[in-house]
Amino acid sequence: MAFELPKLPYDLGALEPVISRQTMEFHYGKHHQAYVNNLNNLVPGTKFENASLETIIMEADGGIFNNGAQVWNHTFYFLSLSPRGGGEPSGQLAERIKKDFGSFSAFKETFSKSAATLFGSGWAWLVDHNGKLEIVQESNAGNPLRKGMKPLFTIDVWEHAYYLDYQNRRPDYIAKFFDIVNWTAVAERL
Amino acid sequence: MFEPTPLRYTPHFLLPYLDEETLSLHQGAYYASCIEQLNRSVEGTFMKGMSLEELLQQASRLPDSVRRNAGAVYNHNLYFEMLTSGTKTPSPQLSKAINSSFGSWELFKRKFFSMALSFFGSGWLFLMKEYTGKLDVCVLPGEDNPLMDVAEKRGIPLLAMDLWEHAYYPLYRHNRAAYVDAFWQLIHWHEVSKRYEMY
(Lines give C-alpha, C1' and ligand atoms only; values in the text may rest on other atoms or scores of the structure.)
Protein backbone atom coordinates (compact mmCIF):
# COMPACT_ATOMS: atom_id res chain seq x y z
CA MET A 1 0.00 0.00 0.00
CA ALA A 2 1.29 3.41 -0.87
CA PHE A 3 2.47 5.78 1.85
CA GLU A 4 0.24 8.79 2.39
CA LEU A 5 0.54 12.27 3.78
CA PRO A 6 -1.24 12.22 7.16
CA LYS A 7 -4.16 14.56 7.78
CA LEU A 8 -3.44 17.21 10.39
CA PRO A 9 -5.89 17.87 13.23
CA TYR A 10 -5.61 21.65 12.75
CA ASP A 11 -5.82 24.21 9.97
CA LEU A 12 -2.53 25.21 8.29
CA GLY A 13 -2.93 28.75 9.59
CA ALA A 14 -3.82 27.65 13.12
CA LEU A 15 -0.28 27.73 14.50
CA GLU A 16 0.18 31.43 13.78
CA PRO A 17 1.91 33.53 14.93
CA VAL A 18 4.47 30.91 15.99
CA ILE A 19 4.49 29.18 12.60
CA SER A 20 2.91 31.00 9.67
CA ARG A 21 0.40 29.51 7.25
CA GLN A 22 2.94 30.10 4.51
CA THR A 23 5.58 28.01 6.31
CA MET A 24 3.03 25.24 6.89
CA GLU A 25 1.95 25.29 3.24
CA PHE A 26 5.52 24.61 2.19
CA HIS A 27 6.66 22.48 5.10
CA TYR A 28 3.68 20.16 5.15
CA GLY A 29 2.31 20.71 1.65
CA LYS A 30 5.61 20.55 -0.25
CA HIS A 31 8.46 19.09 1.84
CA HIS A 32 6.48 16.45 3.74
CA GLN A 33 4.51 15.59 0.60
CA ALA A 34 7.74 15.29 -1.42
CA TYR A 35 9.20 12.80 1.08
CA VAL A 36 5.99 10.73 0.76
CA ASN A 37 6.14 10.88 -3.04
CA ASN A 38 9.85 10.08 -3.18
CA LEU A 39 9.39 7.11 -0.87
CA ASN A 40 6.52 5.77 -2.97
CA ASN A 41 8.74 6.05 -6.03
CA LEU A 42 11.72 4.36 -4.37
CA VAL A 43 10.25 1.28 -2.66
CA PRO A 44 8.61 -0.68 -5.51
CA GLY A 45 10.67 -3.75 -6.30
CA THR A 46 12.68 -3.52 -3.06
CA LYS A 47 12.22 -5.50 0.14
CA PHE A 48 10.64 -2.38 1.64
CA GLU A 49 7.71 -2.37 -0.77
CA ASN A 50 5.24 -3.38 1.93
CA ALA A 51 7.31 -2.42 4.96
CA SER A 52 6.22 -0.07 7.72
CA LEU A 53 8.00 3.25 8.17
CA GLU A 54 9.47 1.87 11.40
CA THR A 55 11.01 -1.08 9.56
CA ILE A 56 12.40 1.31 6.97
CA ILE A 57 13.91 3.46 9.74
CA MET A 58 15.50 0.42 11.39
CA GLU A 59 16.77 -1.34 8.29
CA ALA A 60 17.01 0.88 5.21
CA ASP A 61 19.86 3.08 4.02
CA GLY A 62 20.34 5.80 1.42
CA GLY A 63 17.33 7.37 -0.26
CA ILE A 64 14.77 4.94 1.18
CA PHE A 65 15.98 5.63 4.72
CA ASN A 66 16.17 9.40 4.17
CA ASN A 67 12.70 9.70 2.72
CA GLY A 68 11.06 7.11 4.99
CA ALA A 69 12.53 8.63 8.14
CA GLN A 70 11.61 12.13 6.99
CA VAL A 71 7.99 11.05 6.47
CA TRP A 72 7.91 9.60 10.00
CA ASN A 73 9.77 12.54 11.59
CA HIS A 74 7.52 15.16 10.03
CA THR A 75 4.32 13.31 10.97
CA PHE A 76 5.61 12.99 14.53
CA TYR A 77 6.54 16.69 14.60
CA PHE A 78 3.26 18.00 13.20
CA LEU A 79 1.22 15.76 15.50
CA SER A 80 3.05 17.18 18.55
CA LEU A 81 1.67 20.64 17.82
CA SER A 82 -1.60 22.36 18.57
CA PRO A 83 -2.97 25.90 18.43
CA ARG A 84 -4.07 25.28 22.04
CA GLY A 85 -0.65 24.00 23.07
CA GLY A 86 1.98 25.49 25.30
CA GLY A 87 2.21 25.53 29.06
CA GLU A 88 3.71 22.60 30.88
CA PRO A 89 3.04 18.88 30.86
CA SER A 90 1.15 17.33 33.75
CA GLY A 91 0.84 13.88 35.31
CA GLN A 92 3.35 11.15 34.66
CA LEU A 93 5.22 13.09 31.96
CA ALA A 94 5.71 16.04 34.31
CA GLU A 95 6.99 13.71 37.03
CA ARG A 96 9.43 11.96 34.76
CA ILE A 97 10.76 15.25 33.40
CA LYS A 98 11.27 16.43 36.96
CA LYS A 99 13.00 13.19 37.93
CA ASP A 100 15.43 13.16 35.00
CA PHE A 101 16.04 16.87 34.40
CA GLY A 102 15.34 18.44 37.78
CA SER A 103 12.52 20.68 36.58
CA PHE A 104 10.53 21.57 33.48
CA SER A 105 12.52 24.76 33.02
CA ALA A 106 15.81 22.84 33.22
CA PHE A 107 14.47 20.41 30.61
CA LYS A 108 13.35 23.29 28.41
CA GLU A 109 16.74 24.92 28.64
CA THR A 110 18.66 21.75 27.76
CA PHE A 111 16.29 20.86 24.93
CA SER A 112 16.48 24.39 23.49
CA LYS A 113 20.26 24.36 23.64
CA SER A 114 20.38 20.99 21.93
CA ALA A 115 18.09 22.27 19.14
CA ALA A 116 20.02 25.52 18.77
CA THR A 117 23.46 23.92 18.60
CA LEU A 118 22.63 21.11 16.19
CA PHE A 119 24.91 21.84 13.27
CA GLY A 120 23.32 21.82 9.83
CA SER A 121 19.99 20.09 9.17
CA GLY A 122 18.34 17.78 11.66
CA TRP A 123 16.19 17.22 14.69
CA ALA A 124 16.44 17.46 18.49
CA TRP A 125 14.54 14.75 20.36
CA LEU A 126 13.20 13.95 23.78
CA VAL A 127 13.46 10.17 24.10
CA ASP A 128 12.88 7.40 26.59
CA HIS A 129 16.15 5.48 26.75
CA ASN A 130 15.76 2.34 28.87
CA GLY A 131 13.41 4.09 31.26
CA LYS A 132 15.31 7.35 31.48
CA LEU A 133 14.33 10.53 29.61
CA GLU A 134 17.15 11.96 27.51
CA ILE A 135 17.67 14.61 24.86
CA VAL A 136 19.50 13.64 21.68
CA GLN A 137 20.43 15.33 18.42
CA GLU A 138 20.07 13.65 15.05
CA SER A 139 21.41 15.01 11.77
CA ASN A 140 19.43 15.16 8.54
CA ALA A 141 16.80 12.37 8.58
CA GLY A 142 18.18 10.69 11.71
CA ASN A 143 15.72 9.04 14.08
CA PRO A 144 16.45 7.71 17.61
CA LEU A 145 14.45 4.49 17.01
CA ARG A 146 17.54 3.31 15.21
CA LYS A 147 19.49 3.54 18.49
CA GLY A 148 16.87 1.62 20.47
CA MET A 149 15.38 4.77 21.97
CA LYS A 150 11.69 5.64 22.10
CA PRO A 151 10.96 9.11 20.66
CA LEU A 152 8.53 11.25 22.68
CA PHE A 153 8.89 14.71 21.20
CA THR A 154 10.92 16.49 18.53
CA ILE A 155 11.69 19.82 16.92
CA ASP A 156 12.64 20.15 13.27
CA VAL A 157 15.65 22.44 12.90
CA TRP A 158 16.12 22.08 9.16
CA GLU A 159 16.14 25.64 7.88
CA HIS A 160 12.94 25.01 5.90
CA ALA A 161 11.10 24.69 9.23
CA TYR A 162 11.75 28.28 10.23
CA TYR A 163 13.53 30.33 7.58
CA LEU A 164 10.45 32.11 6.18
CA ASP A 165 9.34 33.17 9.67
CA TYR A 166 12.59 33.58 11.60
CA GLN A 167 15.33 33.68 8.91
CA ASN A 168 18.66 32.80 10.51
CA ARG A 169 17.33 33.35 14.07
CA ARG A 170 16.89 29.70 14.98
CA PRO A 171 16.87 30.39 18.75
CA ASP A 172 13.79 32.64 18.33
CA TYR A 173 11.94 29.83 16.53
CA ILE A 174 12.84 27.39 19.30
CA ALA A 175 11.70 29.78 22.04
CA LYS A 176 8.32 30.41 20.36
CA PHE A 177 7.88 26.75 19.47
CA PHE A 178 7.12 25.89 23.11
CA ASP A 179 3.89 27.92 22.83
CA ILE A 180 2.39 25.34 20.45
CA VAL A 181 3.58 22.05 21.94
CA ASN A 182 0.70 19.71 22.62
CA TRP A 183 1.94 18.12 25.86
CA THR A 184 -1.16 15.90 26.06
CA ALA A 185 -0.22 14.30 22.74
CA VAL A 186 3.39 13.96 23.88
CA ALA A 187 2.32 12.31 27.19
CA GLU A 188 0.29 9.69 25.28
CA ARG A 189 3.53 8.42 23.76
CA LEU A 190 5.00 7.42 27.13
CA MET B 1 40.04 40.07 12.96
CA PHE B 2 38.14 38.70 10.02
CA GLU B 3 36.00 41.23 8.20
CA PRO B 4 33.13 40.52 5.83
CA THR B 5 34.08 40.88 2.17
CA PRO B 6 31.59 43.33 0.65
CA LEU B 7 29.66 42.17 -2.40
CA ARG B 8 31.13 43.40 -5.68
CA TYR B 9 27.60 44.06 -6.95
CA THR B 10 24.33 45.45 -5.65
CA PRO B 11 21.95 42.66 -4.62
CA HIS B 12 19.41 43.39 -7.37
CA PHE B 13 22.17 42.89 -9.97
CA LEU B 14 21.55 39.14 -9.86
CA LEU B 15 17.84 39.34 -10.64
CA PRO B 16 15.88 37.36 -11.63
CA TYR B 17 18.09 34.44 -10.60
CA LEU B 18 18.66 35.59 -7.02
CA ASP B 19 16.66 38.36 -5.41
CA GLU B 20 17.59 41.05 -2.97
CA GLU B 21 15.84 39.44 0.01
CA THR B 22 17.57 36.09 -0.41
CA LEU B 23 20.97 37.69 -0.95
CA SER B 24 20.78 40.26 1.79
CA LEU B 25 19.66 37.69 4.38
CA HIS B 26 22.39 35.37 3.17
CA GLN B 27 25.19 37.89 3.05
CA GLY B 28 24.06 40.48 5.56
CA ALA B 29 22.71 38.17 8.26
CA TYR B 30 23.96 34.62 7.86
CA TYR B 31 27.49 35.23 6.57
CA ALA B 32 27.99 38.22 8.88
CA SER B 33 27.11 36.04 11.86
CA CYS B 34 29.66 33.38 10.78
CA ILE B 35 32.35 36.08 10.75
CA GLU B 36 31.38 37.24 14.23
CA GLN B 37 31.37 33.70 15.59
CA LEU B 38 34.73 32.95 14.00
CA ASN B 39 36.30 36.05 15.53
CA ARG B 40 34.86 35.09 18.90
CA SER B 41 36.10 31.49 18.64
CA VAL B 42 39.72 32.34 17.82
CA GLU B 43 40.02 35.26 20.27
CA GLY B 44 42.66 34.62 22.91
CA THR B 45 43.81 31.31 21.37
CA PHE B 46 46.81 30.19 19.30
CA MET B 47 44.52 30.45 16.26
CA LYS B 48 44.22 34.20 16.42
CA GLY B 49 46.00 35.84 13.49
CA MET B 50 45.95 32.72 11.31
CA SER B 51 44.52 33.05 7.81
CA LEU B 52 41.42 31.15 6.73
CA GLU B 53 43.59 28.86 4.61
CA GLU B 54 45.87 28.07 7.57
CA LEU B 55 42.84 27.26 9.72
CA LEU B 56 41.26 25.02 7.08
CA GLN B 57 44.46 23.08 6.47
CA GLN B 58 44.58 21.99 10.12
CA ALA B 59 40.83 21.63 10.61
CA SER B 60 41.23 18.17 12.21
CA ARG B 61 42.86 19.66 15.32
CA LEU B 62 40.65 22.72 15.69
CA PRO B 63 37.51 23.05 17.81
CA ASP B 64 34.25 22.39 15.92
CA SER B 65 33.24 26.04 16.15
CA VAL B 66 36.40 27.14 14.34
CA ARG B 67 36.23 24.41 11.73
CA ARG B 68 32.61 25.30 10.98
CA ASN B 69 32.92 29.05 10.94
CA ALA B 70 36.26 29.20 9.12
CA GLY B 71 34.77 26.85 6.52
CA ALA B 72 31.62 28.93 6.32
CA VAL B 73 33.51 32.21 5.87
CA TYR B 74 35.82 30.78 3.21
CA ASN B 75 32.99 29.06 1.33
CA HIS B 76 30.74 32.10 1.37
CA ASN B 77 33.58 34.39 0.22
CA LEU B 78 34.10 32.13 -2.77
CA TYR B 79 30.36 31.75 -3.40
CA PHE B 80 29.59 35.47 -3.52
CA GLU B 81 32.75 36.20 -5.51
CA MET B 82 31.81 33.81 -8.31
CA LEU B 83 28.33 35.23 -8.99
CA THR B 84 27.61 37.69 -11.76
CA SER B 85 25.03 38.48 -14.35
CA GLY B 86 27.88 39.39 -16.69
CA THR B 87 30.60 37.27 -18.28
CA LYS B 88 29.61 33.66 -18.79
CA THR B 89 32.41 32.01 -20.74
CA PRO B 90 35.34 30.07 -19.34
CA SER B 91 38.82 30.78 -20.71
CA PRO B 92 40.30 28.41 -23.33
CA GLN B 93 42.60 26.96 -20.64
CA LEU B 94 39.73 26.19 -18.26
CA SER B 95 37.57 24.80 -21.09
CA LYS B 96 40.40 22.50 -22.07
CA ALA B 97 40.85 21.31 -18.49
CA ILE B 98 37.09 20.68 -18.15
CA ASN B 99 37.06 18.69 -21.36
CA SER B 100 40.03 16.58 -20.36
CA SER B 101 38.82 16.04 -16.78
CA PHE B 102 35.13 15.30 -17.46
CA GLY B 103 35.13 14.23 -21.10
CA SER B 104 33.11 17.23 -22.28
CA TRP B 105 31.35 20.36 -21.08
CA GLU B 106 28.03 18.46 -21.18
CA LEU B 107 29.37 15.66 -18.99
CA PHE B 108 30.72 18.21 -16.52
CA LYS B 109 27.35 19.94 -16.39
CA ARG B 110 25.55 16.64 -15.93
CA LYS B 111 27.79 15.68 -12.99
CA PHE B 112 27.39 19.13 -11.43
CA PHE B 113 23.58 18.92 -11.56
CA SER B 114 23.24 15.32 -10.53
CA MET B 115 25.49 15.76 -7.47
CA ALA B 116 23.71 18.97 -6.46
CA LEU B 117 20.26 17.43 -6.72
CA SER B 118 21.03 14.13 -5.02
CA PHE B 119 22.80 15.68 -2.03
CA PHE B 120 20.72 15.35 1.13
CA GLY B 121 20.98 17.85 3.98
CA SER B 122 23.17 20.95 4.36
CA GLY B 123 26.44 21.33 2.52
CA TRP B 124 28.34 22.61 -0.48
CA LEU B 125 29.15 21.59 -4.02
CA PHE B 126 32.59 22.48 -5.32
CA LEU B 127 34.31 22.55 -8.65
CA MET B 128 37.84 21.82 -7.50
CA LYS B 129 41.33 21.36 -8.80
CA GLU B 130 42.89 18.28 -7.31
CA TYR B 131 46.57 18.42 -6.41
CA THR B 132 47.28 16.38 -9.58
CA GLY B 133 45.83 19.23 -11.65
CA LYS B 134 42.70 17.31 -12.60
CA LEU B 135 39.33 19.01 -12.08
CA ASP B 136 36.43 17.35 -10.29
CA VAL B 137 33.06 18.12 -8.73
CA CYS B 138 32.45 17.12 -5.13
CA VAL B 139 29.88 17.74 -2.41
CA LEU B 140 30.90 18.10 1.22
CA PRO B 141 28.61 18.28 4.27
CA GLY B 142 28.19 21.17 6.67
CA GLU B 143 30.72 23.93 6.07
CA ASP B 144 33.53 21.61 5.00
CA ASN B 145 35.84 22.55 2.20
CA PRO B 146 38.36 20.69 -0.02
CA LEU B 147 41.25 22.62 1.59
CA MET B 148 40.47 20.97 4.94
CA ASP B 149 42.71 18.10 6.00
CA VAL B 150 39.53 16.24 7.01
CA ALA B 151 37.84 16.52 3.60
CA GLU B 152 37.30 13.22 1.87
CA LYS B 153 38.17 14.97 -1.40
CA ARG B 154 41.10 17.42 -1.26
CA GLY B 155 42.28 20.18 -3.56
CA ILE B 156 41.73 23.84 -4.43
CA PRO B 157 38.10 24.92 -4.67
CA LEU B 158 37.50 27.04 -7.78
CA LEU B 159 33.74 27.48 -7.43
CA ALA B 160 31.40 26.86 -4.49
CA MET B 161 27.63 26.41 -4.60
CA ASP B 162 25.84 26.73 -1.29
CA LEU B 163 23.35 23.89 -0.83
CA TRP B 164 22.09 24.93 2.60
CA GLU B 165 18.40 25.78 2.37
CA HIS B 166 19.08 29.35 3.51
CA ALA B 167 20.88 29.99 0.22
CA TYR B 168 17.65 29.73 -1.74
CA TYR B 169 14.66 29.41 0.56
CA PRO B 170 13.16 32.92 0.34
CA LEU B 171 13.06 32.76 -3.47
CA TYR B 172 12.93 29.07 -4.40
CA ARG B 173 11.50 27.43 -1.25
CA HIS B 174 11.57 23.61 -1.52
CA ASN B 175 12.62 23.79 -5.16
CA ARG B 176 16.34 23.17 -5.02
CA ALA B 177 16.38 22.25 -8.72
CA ALA B 178 15.21 25.74 -9.71
CA TYR B 179 17.95 27.26 -7.55
CA VAL B 180 20.62 25.04 -9.10
CA ASP B 181 19.44 26.11 -12.57
CA ALA B 182 19.62 29.75 -11.48
CA PHE B 183 23.05 29.40 -9.92
CA TRP B 184 24.33 27.85 -13.13
CA GLN B 185 23.21 30.99 -14.98
CA LEU B 186 25.08 33.22 -12.52
CA ILE B 187 28.50 31.57 -12.52
CA HIS B 188 31.24 34.10 -13.15
CA TRP B 189 33.29 31.88 -15.49
CA HIS B 190 35.75 34.67 -16.08
CA GLU B 191 36.70 34.74 -12.36
CA VAL B 192 36.63 30.94 -12.10
CA SER B 193 39.06 30.81 -15.05
CA LYS B 194 41.37 33.34 -13.39
CA ARG B 195 41.37 31.27 -10.24
CA TYR B 196 42.08 28.09 -12.22
CA GLU B 197 45.06 29.71 -13.88
CA MET B 198 46.34 31.18 -10.61
CA TYR B 199 46.59 27.79 -8.82
Side-chain angles (χ1 to χ4, degrees), chain A residues 5 20-39 41-42 60-71 73-74 116-123 137-143 156-173, chain B residues 19-38 41 59 62-72 75-76 114-115 117-124 139-144 150 162-179:
Chain A
L5 188 68
S20 67
R21 173 184 294 276
Q22 195 189 23
T23 292
M24 288 299 293
E25 281 170 359
F26 282 90
H27 199 183
Y28 170 74
K30 302 291 183 184
H31 290 272
H32 199 179
Q33 180 72 62
Y35 294 127
V36 170
N37 296 348
N38 293 343
L39 185 62
N41 290 332
L42 287 168
D61 289 302
I64 294 182
F65 172 79
N66 286 340
N67 286 286
Q70 285 295 75
V71 172
N73 295 353
H74 280 90
T117 56
L118 188 144
F119 178 61
S121 305
W123 305 77
Q137 295 177 326
E138 294 282 348
S139 288
N140 294 336
N143 183 302
D156 187 348
V157 292
W158 281 63
E159 289 172 320
H160 65 235
Y162 61 87
Y163 208 75
L164 293 178
D165 297 332
Y166 300 91
Q167 294 80 45
N168 63 327
R169 293 172 283 110
R170 190 196 286 183
D172 292 355
Y173 156 66
Chain B
D19 67 341
E20 199 160 350
E21 187 195 2
T22 305
L23 257 188
S24 52
L25 285 171
H26 197 182
Q27 207 264 354
Y30 193 91
Y31 164 73
S33 132
C34 297
I35 302 239
E36 269 173 41
Q37 290 176 57
L38 179 59
S41 305
L62 302 184
D64 281 348
S65 63
V66 178
R67 168 175 168 178
R68 290 168 186 173
N69 288 300
N75 292 345
H76 283 95
S114 96
M115 289 188 86
L117 297 181
S118 60
F119 179 74
F120 185 75
S122 306
W124 291 80
V139 285
L140 293 176
E143 299 287 5
D144 280 1
V150 291
D162 196 339
L163 292 175
W164 286 60
E165 289 175 318
H166 67 240
Y168 56 90
Y169 213 78
L171 186 58
Y172 294 104
R173 310 291 166 92
H174 61 292
N175 196 348
R176 183 187 277 179
Y179 161 70

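Proteins come first, then strands; the chains are lettered A, B, ... in the order of their sequence lines, and each starts at number 1. For clarity, every value in this text was computed on a predicted model and none was experimentally measured. Hydrogens, waters and symmetry mates play no part in the numbers below; they use all other heavy atoms, side chains included.
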Practice prompt. Check each atom of A:Gln33 against the heavy atoms of chain B and say whether the ones under 4.5 Å are side chain, backbone, both or neither.
Written response: neither

Response to the item:
One should read off an interatomic distance between B:Tyr30 OH and A:Glu159 CD, to the nearest 0.5 angstrom, of 5.5 Å

Worksheet item: At a heavy-atom separation under 4.5 Å, does A:Ala34 approach chain B through its side chain, its backbone, both, or neither?
Response: neither

Worksheet item: So how far is it from B:Thr22 OG1 to A:Tyr163 OH, rounded to the nearest 0.5 Å?
Response: 8.0 Å

Worksheet entry | Note, A:Glu25 side chain near B:Arg173 side chain (heavy atom, < 4.5 Å) | no

Worksheet entry | B:Gly121 versus A:Asn140, closest heavy-atom pair with distance | CA-OD1, 3.4 Å

Item to complete: Mind listing the closest non-hydrogen atom pair of A:Asn168 and B:Ser33 along with its distance?
Response: ND2-CB, 4.5 Å

Worksheet item: What distance do A:Gln167 atom CD and B:Ser24 atom OG have between them, rounded to the nearest 0.5 Å?
Response: 10.0 Å

Worksheet item: Atom CG of A:Asn67 and atom CZ of B:Phe120: how far apart are they, to the nearest 0.5 Å?
Response: 6.5 Å

Discussion item. To the nearest 0.5 Å, what is the distance between NZ on A:Lys30 and NE2 on B:His174?
Written reply: 5.0 Å

